[in-house]
Amino acid sequence: MGCGSSKDSTPVAEKSNGARNDNPPIEPINVPDIDPRYPPAEPPPNTKDDIYRHSDYTVIDTRVKQQSRTYRTNTYDILIKSICANCTTELQKLRAIMVWLFLQDIHGSFYSGVTDPYTPRGYMKLIKARNGSYAAFLAQLCRAAGIPCNVIRGLGKGDRYEVGQQDLSHLESSWNAVYVADGWRLIHPLWAIYKEKQVDENKQSPPAGTKRPDIDEFFYLIDPNRLICFCKPHLDPWQLLKVKWEHRKFVKSPKFTQHYFTSGLMLPKKYNAIIYSDNGICVIDFDHQEYADPSLDATLTFNQDMSSDVMPQGTDLKDFIARVNTNSRKSVIFRFPVRGRYEADLFGGVSSGNPKIVEFRIECDDVGRDPQPFPMHPPGGFGLQPVASQFGISDPVPDSGIILVKPAQVKHFSFTCTQRLEAQATLFHNRVSSESLEDFLSTKCTADEVHVTVAIPDEELLEFALQIAVRPDGATRDFTVVANYLLVDENWKKKTAVVTPRPRISKNDEERIRKTLIAATQKNDIEKLENAMLDFERKGLPDNGDLTRARHKLYQLHLQRLRKATLERKLEELDYAIESAKKSPVALDLIDTKEMNEAIMTRQQLRRLRLYMHKVLALNKATISEIHSYQRPRPLVHTVMKATFRILGEPRSKLQDWSYIQSSMRTLGRNSMISRMRRTDIVHLKKGQMKDAENYLSQTNKHLVRMCSAGAGTFYVWSNNMVSEFYGDKNLDPLDIWNSNNKWAKTKPSPRRQRIESRASEQLQDDPALRETDEFSGDSEDDWNSNRTPTSKHGNPREEEDEDRLRKKLETIEEAKPLKTKKNGQPKNQDYNHEYDQEGAKQNKKKKTESTDELGQKSKQKDPFETKRNRRPSDDWDPSNKRTPQREYSQDKKPRREQFENKENQSLARNNSKTSAGKESLKTNKENSPARKVKKYESLLENDDRRYSEQIDNKPKPGRR
């Protein structure tokens, strides 16, 4: 590092007692900016808040402050060893170095006799002589401590920068990139130490500035996305951003301060440093969190030297600024009295003091005709005031503090409150007194709401300020302002926004309009009454009680229409009644009424009932004819149709006879089955018939019914939804995307449909959450076995009850009629096995293994069709398990599948066909092919249904001995 004279070994405190000069001069040195051995420039993996908290380093700060005068500065190694004593991490070492650098009075010390620039005191002498920089000094200190540190040079928007300035070539600055916490971090040591944001002048370091009382933590380990608003490096990689800023973007960006990033306010769109007014008006918006309430203020300055017009004397530009508040946005509106250049400074934030956060330059090239100051300047701006919460006021309607209006329009304002209040409203105008505008205001207070109605006066200057104040009902204290609104012309941003005076209304016309309103009030025609009220308000006639009576009459008429439509339960009329009420002049009074709520609930229920009929109406006549053409229907089909007709009001005793259901389904015209289902309404159903329908539906589920008949499955869904709607448990079956058309139940599925269902089945098997929905459930018996889920009381039956019921039916069938035997005495349906014990399952598994070993294959080879999803229930059945297994098949019986021969079995059969064992295997494979098993399985189902019908009828089937 090199050594200086003997005087360099003395502490800094002793230097002030020596010669008070800086002789002899010292030669400057070149400190490399970038060390190529360091990691490349990449964005940091996390933010400053993730790695640094100031409170964690207070001990280090205190130690360095107490011992800084004892540190010897003759070499970098000795100094760093003293500064970083007891520091274990690089962040701690960096903090200790930064605190020591902040404590040095570089510009106020004298360096007499210091001649070595490669020592800490030697480089401090260079900084005082403006031949060194704080960034280079920090880089040398960090490198001596073993911390990678580079010097970054670029442009800096310091104090000499003027907002909107385009030439930034003379605004040079330097800062550091330090590699700590697994990433490059940025520090601007000069701006963190001094209050002024100084930049280099003529390629020389800036002179001494005003030192801060403590380190500015904002510029210490600052995040790259924040420093880019102040400094842009010449080398783009050292922006440390994923998306780099172009030079043009940096020049156009506004002049931010560090307080902007902690203010809680954010510019919602990319504002440029220079904003051009729109016909003499400029609006700047800030977003903030909904439940935060940061303050916002602004000042406007006119630059006479850069403007062509002259500002009139006595003009206060504060009167041309308006602040508007909403729940999540704050805005500042500037109106300019003359053309020229303005500078707007915005202040605010969540902290006290209202610091400056951003600056703009506004160019006004044109102004509106006769620009006037705003009619009022409330301290809290326009909108709901913070003091409103003390009265329990919330939910203002409208939410914005600025309201666009037009002449003779009626505007409504409402608030929700927790106590009964007394309200007072006042209108302000630049040319009309507030007393003369009292007739245009009306207030109404209820136990939980405050309503204010304003009839907009037809003035030449259409701009008003509305002030709303309240106090507790019955109190004698002064009113407290809780809200302010700015009412401006809807064309206020246009140069022609001035409204021409309305023509005078003759006494005859005024009398005619008033008589029309009175006549409409005495009748019950809502449309005529609303038209008369609109004409009355448009002309701006005084109320005299006529308009108030008309509003009350209109309110009662809308309530009557809503009650009538709710009782008649016609969806079209109910829609019309609700929508007309929402668009009426008394809509605010109707919103939360009992009649409106009941009408909306009834409309939602009628829409659900219409949705339930969607799939029923989609059934074609052939499907319905197929159902009622059954002479002996399957039991599940009969059960579903009994539930359907019981909901339609048919007596329970007659529904046990299938011929009665057949005749009912053949009925045409108004009494047809579909017409009756379309007219069925929940309010007309009785509890007894819905209880019977629920009992019928509890004997089966949607999947079993669809296996028997797709049409019956549609009726099952409708009946189940009606039962759920009646009990209000909302256990509704959604529209099944795989069975939206019943033609699949009659024709063979296309290859495309097979692929879709196959993918849906795979997705169902992989995602357990989807198995609980009805839309992805399969229609086959195997899918039903693997996808059943228990449901509530009024939906599909639980799986335990389902399985137990099916098992009992099968046992009843077997006990009712023995199987026929062949001549050799063997049972005819030997392959159809009803074993339910664990021993039988083990035997079947053993036979399967032995058959595989005979083919010369590896023992316990997996069946290509035997997957986890469609294993036979008997293979994994355990008596301790609550799940009751379904039908068990013999070893050569596999679940039903849509595909046929597996390629692996075919290849195996061809290779072994020449051997005796291969011929035996080929014969076995043909007998056990899926196509043959499907036919056997369907024949078994037909035999079950036939035997079940014979057992129920207690007589043999005709033609069978």
Side-chain angles (χ1 to χ4, degrees), residues 41 43-65 68 80 83-84 87 89-106 127 133-145 147-154 156-159 173-199 206 209-233 238-241 256-263 351 355:
N46 43 25
T47 63
K48 173 182 178 179
D49 295 336
D50 298 330
I51 64 170
Y52 176 76
R53 187 170 54 184
H54 182 220
S55 60
D56 296 339
Y57 297 87
T58 54
V59 176
I60 296 177
D61 293 3
T62 304
R63 178 181 61 81
V64 176
K65 289 178 181 178
S68 62
I80 292 300
I83 294 176
C84 299
C87 295
T89 64
E90 292 182 345
L91 279 173
Q92 293 177 354
K93 295 178 182 179
L94 178 63
R95 181 65 184 182
I97 293 172
M98 186 66 191
V99 173
W100 179 87
L101 179 60
F102 170 78
L103 295 173
Q104 305 310 303
D105 187 11
I106 296 178
I127 294 177
S133 65
Y134 278 81
F137 192 26
L138 179 61
Q140 295 182 77
L141 293 172
C142 291
R143 291 170 183 175
I147 302 174
C149 183
N150 289 330
V151 178
I152 312 301
R153 301 187 184 276
K157 291 183 178 180
D159 292 341
S173 183
S174 60
W175 57 97
N176 297 96
V178 186
Y179 194 87
V180 290
D182 300 327
W184 286 105
R185 316 288 171 173
L186 300 174
I187 301 175
H188 202 303
L190 182 63
W191 292 1
I193 295 175
Y194 293 99
K195 292 182 180 180
E196 298 85 3
K197 295 184 179 65
Q198 302 183 79
V199 294
T210 306
K211 203 166 190 179
R212 297 180 182 273
D214 204 348
I215 297 175
D216 188 350
E217 299 294 337
F218 179 79
F219 290 104
Y220 177 71
L221 298 178
I222 181 174
D223 291 328
N225 60 340
R226 294 186 175 184
L227 185 62
I228 193 62
C229 298
F230 304 90
C231 301
K232 180 184 179 299
W238 287 105
Q239 294 183 20
L240 302 182
L241 296 172
F256 294 97
T257 68
Q258 58 264 41
H259 302 289
Y260 169 80
F261 300 95
T262 57
S263 64
S351 60

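Along the sequence shown, the residues carry numbers beginning at 1.
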Could you report the tightest heavy-atom contact between [X] and [Y], atom names first, then the distance?
| X | Y | answer |
| --- | --- | --- |
| R185 | P44 | NH1-CB, 3.6 Å |
| W191 | Q198 | NE1-O, 2.9 Å |
| S173 | V199 | CB-CG1, 4.4 Å |
| I83 | W100 | CD1-CG, 3.5 Å |
| M98 | A192 | CE-CB, 4.0 Å |
| I106 | L101 | CD1-CD1, 4.4 Å |

Problem set entry | Six-ring centre of F102, K65 cation under 6.0 angstrom, axis tolerance 45° |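 Not satisfied by the 6.0 Å and 45° rule.
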Exercise. Once you round to the nearest 0.5 Å, how far does CD of Q239 lie from CD1 of I228?
Worked result: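 The CD1 atom of I228 is 4.0 Å from CD of Q239, to the nearest 0.5 Å.
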Exercise. Which value, rounded to the nearest 0.5 Å, describes the distance between L186 atom CG and R226 atom CZ?
Worked result: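 Answer rounded to 0.5 Å: 13.0 Å.
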Exercise. Among D49, D56, D50, I51, which residue meets the side chain to side chain contact (heavy atoms under 4.5 Å, CB included) test with R53?
Worked result: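 Filter result, single survivor: D56.
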Exercise. Aromatic ring centroids of Y220 and Y57 under 6.0 Å?
Worked result: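 Ring centroids of Y220 and Y57 are no less than 6.0 Å from each other.
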Is there a side-chain contact between [X] and [Y] (heavy atoms, below 4.5 Å)?
| X | Y | result |
| --- | --- | --- |
| N150 | R143 | yes |
| L221 | I187 | yes |
| F137 | Q104 | no |

For this session: Ignoring hydrogens and angles, tell me if any N or O in the side chain of D216 forms a donor-acceptor pair with the backbone of F218 under 3.5 Å.
Result: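 Yes.
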For this session: Please assess F261 against C229 for the test side-chain contact (heavy atoms from CB on, under 4.5 Å), listing each intermediate value before the final yes or no.
Result: CA-CA 11 Å; F261 300 95; C229 298; 3.8 Å; yes
Exercise. Do the side-chain N and O atoms of D61 and T58 include a donor-acceptor pair separated by under 3.5 angstrom?
Worked result: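 No, no side-chain donor-acceptor pair sits under 3.5 Å.
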Exercise. Could you go step by step and tell me if E90 and Y179 meet the side-chain contact (heavy atoms from CB on, under 4.5 Å) rule?
Worked result: CA-CA 9 Å; E90 292 182 345; Y179 194 87; 5.5 Å; no
Problem set entry | Lys/Arg N to Asp/Glu carboxylate O, R95 vs E217, below 4.0 Å |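 Salt bridge flag = yes for E217 with R95.
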